[in-house]
**Q** 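The structure that follows is given in the form of structure tokens.
Chain identifiers are assigned alphabetically (A, B, ...) following the order of the sequence lines, protein sequences preceding nucleic acid strands; residue numbering begins at 1 within each chain.
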Amino acid sequence: MKNPDIFRLITSPPVEKQGSGEDEANIKDIMSFDFSEGFEDKVLARINSGIEVYGRTYAIEKSFSLAFYRIAFTAAAAVVILLLSIYLKEGSFSFDLLLGIGDIDSESIVCLLTGN
Amino acid sequence: MVISSYRESGDDILVKATLEGDQNAFREIVSRYRKMVARTVKGMLGDTVYSEDIGQEVFIKLYHSLQEFRGEAKLSTYIQKIAVNLTLNEIKRRKRFFSMFTHKGSDELYEYDVADDDYAGKNDVRELVSKALMQIDPKFRSIVVMRMLQGYSTKETSEILSLPVGTVLSRLSRAQEQLREILKNQK
């Protein structure tokens with residue numbers, strides 16, 4: 001079957017029972033897939049070994065995902081606590097206060113940076 | 001009752017024997033439906049190493065839930081429901097996971113997997129259709145796979161996906177529109 005034929009079948013308007021049986025068989029034949037050899041044995045081995053449905057590959061990804069959310073949540077909580085403590089201590093917000101240089105005047109900063 | 005070969009047995013006998021603890025009966029169920037599950041899982045996920053894992057999980061879940069199977073629907077329909085649900089969950093899970101660490105969508109990553117696999121070049125038409133399927137929305141993809149690749153009727157598709165018939169028809173129409181657009185340059 002040439003490309004245009006299978007493309008036509010796949011994209012043809014929906015009709016009940018998908019056209020002729022021959023067309024159906026053609027699509028099924030071309031789009032046939034299978035698992036690797038010994039698939040039955042692998043399934044039974046997993047059933048008998050009692051490995052949970054979400055296997056090891058997923059356990060690693062799952063723990064990554066969980067760690068990511070925990071770190072993100074902790075970081076967000078730390079930022080909120082920092083902002084709250086600044087506000088309670090200083091009574092206002094400013095960029096300097098966030099940087100921790102709210103009570104240093106510009107001359108002191110120049111001295112600090114140049115050493116003079 | 002000891003049955004050496006279940007090849008000729010009906011699904012009901014296989015289910016009953018599995019529930020009685022005969023793993024040979026379940027092996028026959030896996031053997032009978034593995035290609036059907038592969039078409040659903042690989043049709044929706046692409047031909048990747050993950051598809052094999054999901055395929056195994058479909059049958060493991062079936063094994064553990066066989067007691068709930070009352071035989072009102074066909075066993076194949078019951079297996080398809082499990083396959084579609086697990087595959088859609090996997091697509092969502094991977095999308096969520098990859099969106100945290102990369103700007104690429106999970107489907108783009110699947111495409112690289114497809115190219116890496118021995119799948120590439122094996123069957124050009126199948127590869128082109130698979131790649132086109134990977135580019136459409138998973139909820140549309142599941143309908144195309146059920147309706148066009150598996151050959152289920154609209155009603156059967158609506159039962160497997162637990163969707164109204166009207167939704168199946170409208171999604172199929174939109175999916176085919178998208179596929180037409182994607183495939184028009186491939187002819």
**Q** Output the distance between atom CZ (Phe35(A)) and atom CD1 (Ile54(B)), rounded to the nearest 0.5 Å.
**A**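 Nearest 0.5 Å value for the CZ-CD1 distance: 9.5 Å.
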**Q** Any side-chain heavy-atom pair from Tyr63(B) and Val43(A) closer than 4.5 angstrom?
**A** no
**Q** Counting only heavy atoms closer than 4.5 Å, note whether Val37(B) contacts chain A via side chain, backbone, both or neither.
**A** both
**Q** Any donor-acceptor pair under 3.5 Å linking the side chain of Gln56(B) with the backbone of Arg46(A)?
**A**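 A pair under 3.5 Å: no.
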**Q** What residue, out of Arg27(B), Gln23(B), Arg34(B), Lys35(B), has the most heavy-atom pairs lying under 4.5 Å from chain A?
**A** Arg34(B)
**Q** Would you mind checking if Asp34(A) and Lys42(B) are paired as a salt bridge, meaning a charged N to carboxylate O distance below 4.0 Å?
**A**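 So Lys42(B) does not pair with Asp34(A) through a salt bridge.
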**Q** Are there over 12 heavy-atom neighbours, none belonging to Lys16(B), within less than 6.0 Å of that residue's NZ?
**A** no
**Q** Out of curiosity, does Tyr87(A) fall in the hydrophobic cluster containing Val79(A) (side-chain heavy atoms, cut-off under 4.5 Å, transitive links)?
**A** yes
**Q** To the nearest 0.5 Å, how far apart are CZ in Phe39(A) and OG in Ser31(B)?
**A** 10.5 Å
